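The model shown is predicted, which means the values in this text are computed figures rather than measured ones. Starting from 1, each residue takes its place in the sequence as its number.
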Amino acid sequence: MKTSYVFLADGFEEVEALTCIDVMRRAAMPVVTVSIHPDLAVTGAHGVTVMADSLFDDNDYSDAEWLVLPGGIPGAPNLAAHEALCDLLTAQDERGGKIGAICASPAVVLAPLGILQDRNAVCYPSMEQGIEGVNWTTGAVAVDGNVVTGNGPAAAAPFALEMVAQSLGRGAADQVAAGMLL
């Protein structure tokens, strides 16, 4: 199976990032965490510091399964400011590769890149204000083609399980969910 990458920036939303990593790994999906900073240590929005598996330039993303963006403030703006990551996301979308973004990241990172243009998506409530061209929907998770979005921390598990379902099928996602008592 192809490798998925979860991108971490200072100020990331811990529950969103760690839930995605945990759920995908429970499904036996290869997942690499990536610091967009020059150091492997990345501190979340609530003071939790994690050691990423790799630095951004350490990886070959050409055959990525998923590129995953947690939210958080200032995590999502920090992701949006990383030019190489934005170029990577655009290229992934252009080739139909899978992208997952939750909380602030759909509005702050994906929408300005045009990735959500004319697509159904969700984000943290009120973050969508002033962003046109996206069909902002309600609900915890939205799927439109190769892009899965989630609306916030409470959606972390359903969001991660949807990515598992998109890659391995609904049965695999249901099995992971059952094991987590969800």
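There is no path of hydrophobic side-chain contacts, each under 4.5 Å, that joins V6 to V32. Clustering ILVMFWY residues whenever any of their side-chain heavy atoms sit less than 4.5 angstrom apart, transitively, puts I102 in the very cluster that holds V68. By the criterion of side-chain heavy atoms lying less than 4.5 angstrom apart, applied directly or through intervening Ile, Leu, Val, Met, Phe, Trp or Tyr residues, V31 is not grouped with I99; the two fall into different hydrophobic clusters. Hydrophobic clustering keeps L67 apart from L18 (ILVMFWY residues linked when any side-chain heavy atoms are closer than 4.5 Å, directly or through intermediates). Transitive grouping of hydrophobic side chains (ILVMFWY, heavy atoms separated by less than 4.5 Å) keeps L40 and I21 in distinct clusters.
A heavy-atom distance below 4.5 Å is not found between the side chains of V122 and F159. In this structure, the side chains of I115 and L89 come closer than 4.5 Å at one or more pairs of heavy atoms. Counting only heavy atoms from C-beta outward, the side chains of L110 and L69 approach each other to under 4.5 Å. With a 4.5 Å cut-off on side-chain heavy atoms, V164 and V23 count as touching. Residues V34 and N59 meet the side-chain proximity criterion, which asks for heavy atoms closer than 4.5 Å. At a threshold of 4.5 Å between non-hydrogen side-chain atoms, the residues C123 and T149 do not count as touching. Taking the side chain as every heavy atom from C-beta outward, V42 and F12 approach each other to under 4.5 Å.
Taking R119 as the reference, D93, N146 meet the side-chain hydrogen bond (donor to acceptor under 3.5 Å, both in side chains) condition, with sequence neighbours excluded.
Not one N or O on the side chain of T33 forms a donor-acceptor pair closer than 3.5 Å with the backbone of Y5.
Here the closest heavy-atom approach between residue A154 and residue P158 is recorded as O-CD, 4.0 Å. Of all the heavy atoms in G139 and N151, the pair that sits closest is O-ND2, 3.1 Å. Here the closest heavy-atom approach between residue Y61 and residue L88 is recorded as CB-CD1, 3.4 Å. Smallest separation of non-hydrogen atoms from G75 and A9: O-CB, 3.7 Å. Nearest heavy-atom pair across S105 and G71 is OG-CA, 3.8 Å. The shortest non-hydrogen separation linking M163 to G100 is SD-CA, 4.0 Å.
Residue pairs that meet the ring pair (Phe, Tyr, Trp, His ring centres under 6.0 Å) test with at least one member in residues 96-146, sequence neighbours left out, do not exist here.
Rounding to the nearest 0.5 angstrom, the gap separating the OG1 atom in T19 from the CZ atom in R26 is 9.5 Å. Going from atom CD of E16 over to atom SG of C103 covers 4.0 Å, rounded to the nearest 0.5 Å. One finds the CD atom of E13 at 11.0 Å from the SG atom of C20 (value rounded to the nearest 0.5 Å). Taking CZ of R95 as the start and OG1 of T90 as the end, the distance is 10.5 Å to the nearest 0.5 Å.
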Donor-acceptor pairs under 3.5 Å, side chain of residues 77-86 to any protein atom, not counting sequence neighbours: which ones?
| from | atom 1 | to | atom 2 | distance (Å) |
| --- | --- | --- | --- | --- |
| N78 | ND2 | D10 | O | 2.7 |
| N78 | ND2 | P74 | O | 3.2 |
| H82 | ND1 | L85 | N | 3.0 |

Check residues 43-52 and write down every donor-acceptor pair under 3.5 Å in which the side-chain atom is one partner and the other belongs to a residue at least two apart or another chain.
| from | atom 1 | to | atom 2 | distance (Å) |
| --- | --- | --- | --- | --- |
| T43 | OG1 | T49 | OG1 | 2.8 |
| H46 | ND1 | E14 | OE1 | 2.8 |

Quick one: side chains of residues 166-182, donor-acceptor pairs under 3.5 Å with protein atoms, not counting sequence neighbours, listed by atom name and distance.
| from | atom 1 | to | atom 2 | distance (Å) |
| --- | --- | --- | --- | --- |
| Q166 | NE2 | E162 | OE2 | 2.6 |
| S167 | OG | E65 | OE2 | 2.6 |
| S167 | OG | W66 | NE1 | 2.7 |
| R170 | NH1 | E162 | OE1 | 3.3 |
| R170 | NH2 | E162 | OE1 | 3.0 |
| R170 | NH2 | E162 | OE2 | 3.3 |

Output side-chain donor-acceptor pairs under 3.5 Å for residues 125-135, partner residues at least two apart or in another chain, one line each.
| from | atom 1 | to | atom 2 | distance (Å) |
| --- | --- | --- | --- | --- |
| E128 | OE1 | S126 | N | 3.0 |
| N135 | ND2 | N120 | OD1 | 2.2 |

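Salt-bridge check for D53 with R25: passed, with a basic side-chain N closer than 4.0 Å to an acidic carboxylate O.
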